[in-house]
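Here is the structure we will look at, set down as structure tokens.
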Amino acid sequence: MTPRTIASAVLAGALALTTLTTLTACGSASTPAASPGGGASVAATTGVAVTDPWVVVPPTPDTTAAFGTLHNNGSAEVRLIGVDTDVAAMVQVHETVTQGNVAHMQEVAGGLAIPAGGTVQLKPGGYHVMLMQLTRPVKEGDQVRLTFRFSDGSSVGVTAPVRARAGMASSSASSSSMG
């Protein structure tokens with residue numbers, strides 16, 4: 001190959017990568033995925049993707065939780081350091097831990113690690129996003145906008161449907177634990 005051919009190949013590759021990144025950022029590269037949560041796959045701009053996002057019907061008027069799957073397609077660990085939404089005054093990334101025979105939720109200190117090439121599930125009974133001090137009522141069928149922020153400075157916006165959790169009443173009067 002001549003230097004000119006190599007330069008043309010590099011330029012074509014860079015253009016293809018730029019196009020793919022742009023399509024991914026716009027969500028055009030995402031496809032709906034069937035899942036228990038029923039959410040659609042949403043691609044990210046930096047190798048992190050959030051798929052199947054959903055928010056559980058609030059068991060209390062002021063608190064609920066968000067779930068989904070985080071995929072790190074990059075070559076370095078990234079941490080989920082926060083989530084922004086207009087439906088809650090306070091949002092924290094939590095984990096459910098068991099001490100003795102008692103399970104409780106606690107904030108994940110330093111952010112939730114997503115290993116390079118790895119996947120982390122946000123699910124009831126495990127890691128999840130707590131939406132506290134709700135600023136408006138959230139009911140089944142609503143859509144909640146969430147923006148996931150990562151340690152590398154990137155963020156991913158998704159729209160998550162509000163759904164009843166399997167085995168839970170769809171009424172906000174339910175007293176079941178959500179995390």
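Counting begins at 1 with the first residue of the sequence.
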Do we see a donor-acceptor contact under 3.5 Å between the side chains of T51 and H71?
-> yes

Does the side-chain contact (heavy atoms from CB on, under 4.5 Å) test come out yes or no for V162 and V57, once each step is laid out?
-> CA-CA 6 Å; V162 178; V57 171; 4.0 Å; yes

Derivation of the side-chain contact (heavy atoms from CB on, under 4.5 Å) call for E107 and V93 = CA-CA 6 Å; E107 188 172 10; V93 179; 5.8 Å; no

Residues M105, E95; criterion side-chain contact (heavy atoms from CB on, under 4.5 Å); working and verdict = CA-CA 6 Å; M105 294 177 282; E95 64 183 326; over 6 Å; no

Interatomic spacing from [atom1] in [X] to [atom2] in [Y] - rounded to 0.5 Å:
X	Y	atom1	atom2	result
Q106	H94	CD	NE2	8.5 Å
D86	L134	CG	CG	11.0 Å
T159	Q143	OG1	CD	6.5 Å
L112	Y127	CG	OH	5.5 Å
F148	S155	CZ	OG	11.0 Å
Q121	T69	CD	OG1	4.5 Å

Is there side-chain contact between V120 and P115, with at least one heavy-atom pair below 4.5 Å?
-> yes

Connected via hydrophobic side-chain network under 4.5 Å: V91 and V108 | yes

Applying the 4.5 Å side-chain criterion to the ILVMFWY set and letting contacts propagate, would I81 and I114 be lumped into a single cluster?
-> no

From V55, T135, V129, L131, residue fulfilling side-chain contact (heavy atoms from CB on, under 4.5 Å) relative to T85 = L131

Does [Y] offer a backbone N or O that forms a donor-acceptor pair with the side chain of [X] under 3.5 Å?
X	Y	answer
T98	A103	no
R79	G111	yes
S151	V78	no

What closest approach, in Å, do [X] and [Y] show between heavy atoms, and which atom pair accounts for it?
X	Y	answer
M130	A65	SD-CB, 4.2 Å
D142	P137	OD2-O, 4.0 Å
P53	V50	CB-CG1, 4.4 Å

Which is it for L122 and L70 under the side-chain contact (heavy atoms from CB on, under 4.5 Å) test, yes or no, and what are the steps along the way?
-> CA-CA 8 Å; L122 303 175; L70 307 174; 4.3 Å; yes

D62 meets the salt bridge (Lys or Arg N to Asp or Glu O under 4.0 Å) criterion, sequence neighbours left out, with none

Quick one: sort the H128 and F67 rings into parallel, tilted or perpendicular, breaks at 30° and 60°.
-> tilted

